[in-house]
Amino acid sequence: MRAARTTGESETVNEHYDVIIIGSGAGGGTLAHTLAGSGKSILLLERGDFLTRETDNWDPRPVFVDGKYISSDTWYDGDGKPFQPQVHYFVGGATKLYGAALYRLRPGDFGEIKHVDGISPAWPLDYGDFEPWYSEAEQLYQVHGNGGEDPTEGHRSQPYPWPAVSHEPRIQQIHDGLAKGGYHPFHAPCGILLNEADRPRSTCIRCAWCDGYPCLAHAKSDADVIAVRPVLGRDNVTLVTGAEVTRLETDPSGRTVTGVVVTRDGNREVYRGDIVAVSAGAANSAKILLNSASDAHPGGLANGSDQVGRNYMFHNCKAVVALAKEPNDTVFQKTLGINDFYSAGKDYAYPMGNIQMIGKSNAEAMRGEKPKLTKLSPEWTLSDVAQHAVDFWLTTEDLPKPENRVTTDADGHVHLAYEMTNNDEAFRLYGELRKILNHTGMAEHHVLRKNFYMDMDIPVAGCAHQAGTCRFGTDPATSVLNTNCKAHQLDNLYVVDTSFFPSIGAVNPALTAMANALRVGDHLRERLA
Ligand SMILES: Cc1cc2nc3c(=O)[nH]c(=O)nc-3n(C[C@H](O)[C@H](O)[C@H](O)COP(=O)(O)OP(=O)(O)OC[C@H]3O[C@@H](n4cnc5c(N)ncnc54)[C@H](O)[C@@H]3O)c2cc1C
Ligand code: SF4
């Protein structure tokens, strides 16, 4: 790692970089990784630090009850009410805590889809354009899966690099019950460094502390472990942590970013580079652009279309727990997916979404749900409930609405106005889950919603899957970025995180952000050659 030179308060850092990347998560970390081999000088500016390895990493109380790894930021909702967003500022970004379910969007997601509350718009590129980058991202992030099991998936040019993570007996039972009932359960794609054929040498120990926890063993395919750390030894890559980018400055014409303004250790620093890629996560990328308004860009940098900050999405999700008489001894539960309701069907004219497992409940993390859970099974202790619980995560696509948006106030703080869409689809998906559980020995009246890795009582705060805010497209009047994720209005500004999504589909977003970073990285390598 090359140390960046700082010379004190309000000083410009003299070193000039070929590429400056802001944020080291799924988008920015992956972009840094793919550009590192180009030999060009790369500066990665990250507002957080490396996440500390400590026993708390795998302890549900600090992680879920105390929210130890959640930023202390305050954002404001559409009514100006403050809340603490569930965002994570570390090298690796949100992927340090993610569940590593690494799904490709389905081919249909790239086209226009009719939903109960409106239209999910088509992307300017299709599945075929992304496919090679999905394959490359799966190789890089060492995704485990079995191609061909899920009837909704698109073609793949390469098999998964690792076989699917096996189901434990209880999940296999559920799989078999569903298959017998005529459904198409599949092995969920998963980014963990598990070698089931050689467990003594496997980096991943297959533990229960994965989904929503940092990995103490550094065995999760997060952007820190997979993308950033491996390139830090290179002379051409510099990482500066604790560096919060507050503003981008341009030349008088407004066509070129000339300075990246950072607050670090209370000092103002300015970094310069030929190319600047903003990858701070959907809300924070919009924040940086909006807070960079100038005479040339009065509504915010790159915001001639008035689309920066708009079309914010984060999925219409439900965490659900099903209780069975039979105990669930599963340790690593996130191995099963169901996409039988992903597309419109004969019984309902709209798509409903994806069903997958989430990390296994434990009594500590379920503490907040005690009254409801014990009402279902009054004779059970919380530990009994946790032991018998089978945990599902339901995802319905939400729509990119212009009024669902990030704005900033005079002090530069984030305001996030959001109203959920497609509630009817989400409600029906929940109904379908209850029905299919009858095939698995779990009664449908023993299913209820729960809070698990995000607080569902404050939907706007649970921004784990945030996307949109700087959508890409071919028309500068209706999009912020072109198809290379370069700002229409600037020559050297890119946005490379989940902000570029014109719609979000109903599967987890990280692999698409990673694949897109590889795609944009390829374009940048050509541009810089
Ligand atoms: C608990 C949890 C579970 C999840 N599970 C899954 C899952 O199973 N599968 C999946 O696909 N997705 C999952 N996600 C979502 C996934 O992690 C995100 O979609 C993905 O990380 C988004 O990538 P990104 O590059 O847009 O943002 P991030 O990965 O969040 O990266 C943004 C980076 O920018 C930095 N930053 C922010 N502001 C600034 C600034 N001003 N200056 C400098 N740096 C800045 C942040 O610190 C961060 O490192 C989960 C997320 C959470 C929180
Ligand atoms: S299951 Fe593997 S990757 Fe996940 S937290 Fe445990 S050791 Fe880490």
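As the structure lists them, so they are numbered: ligands from 1, and atoms in each ligand from 1. Everything numeric here is computed off the predicted structure, so don't read it as measured data.
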* Structure fact -> For Thr95, the atoms of ligand 1 under 4.0 Å from one of its heavy atoms are 17 (O), 21 (O)

* Do you see a donor-acceptor pair shorter than 3.5 Å between the side chains of Gln158 and Ser135? -> no

* Check whether any N, O or S atom of Cys204 sits under 2.8 Å from atom 4 (Fe) of ligand 2. => no

* To do: State, without any angle test, whether Asn422 and Thr396 hold a side-chain donor-acceptor pair at a distance under 3.5 Å.
  => no

* To do: Hey, can you tell me if Tyr312 and Phe314 have their rings parallel, tilted or perpendicular (30° and 60° cut-offs)?
  => tilted

* Asked: Which of these, Gly23, Ser71, Ser279, has its nearest heavy atom closest to atom 32 (C) of ligand 1?
  -> Ser279

* Asked: Is the NZ or CZ atom of Arg206 positioned over Phe332's six-membered ring, under 6.0 angstrom from the centre and within 45° of the axis?
  -> no

* Residue and atom name of the nearest protein heavy atom (relative to atom 4 (Fe) of ligand 2), distance in Å to one decimal -> Cys210 SG, 2.3 Å

* **Nearest option to atom 13 (C) of ligand 1, as decided by whichever heavy atom of His465, Met514, Gln466 sits closest** => His465

* Contact partition for Asn284 relative to ligand 1, non-hydrogen atoms under 4.0 Å -> side chain

* Structure fact -> Ranking Ser285, Ala280, Ala26 by closest non-hydrogen atom to atom 34 (O) of ligand 1, top hit is Ala280

* **Distance in Å, Phe392 CZ paired with Leu433 CG, rounded so as to fall on 0.5 Å steps** => 5.5 Å

* Backbone or side-chain N or O of Phe90 under 3.5 Å from ligand 1 N or O -> yes

* Quick one: does Tyr213 get within less than 4.0 Å of ligand 2, heavy atoms only? -> no

* Taking atom types as modelled and ignoring hydrogens, do the side chains of Tyr98 and Asn508 form a donor-acceptor contact shorter than 3.5 angstrom? -> no

* To do: From the options Val225, Leu232, Leu239, Asp222, select the one residue that forms a side chain to side chain contact (heavy atoms under 4.5 Å, CB included) with Val91.
  => Leu239

* Asked: When you look for heavy atoms under 4.0 Å from ligand 1, do you find them on the side chain of Ala243, its backbone, both, or neither?
  -> backbone

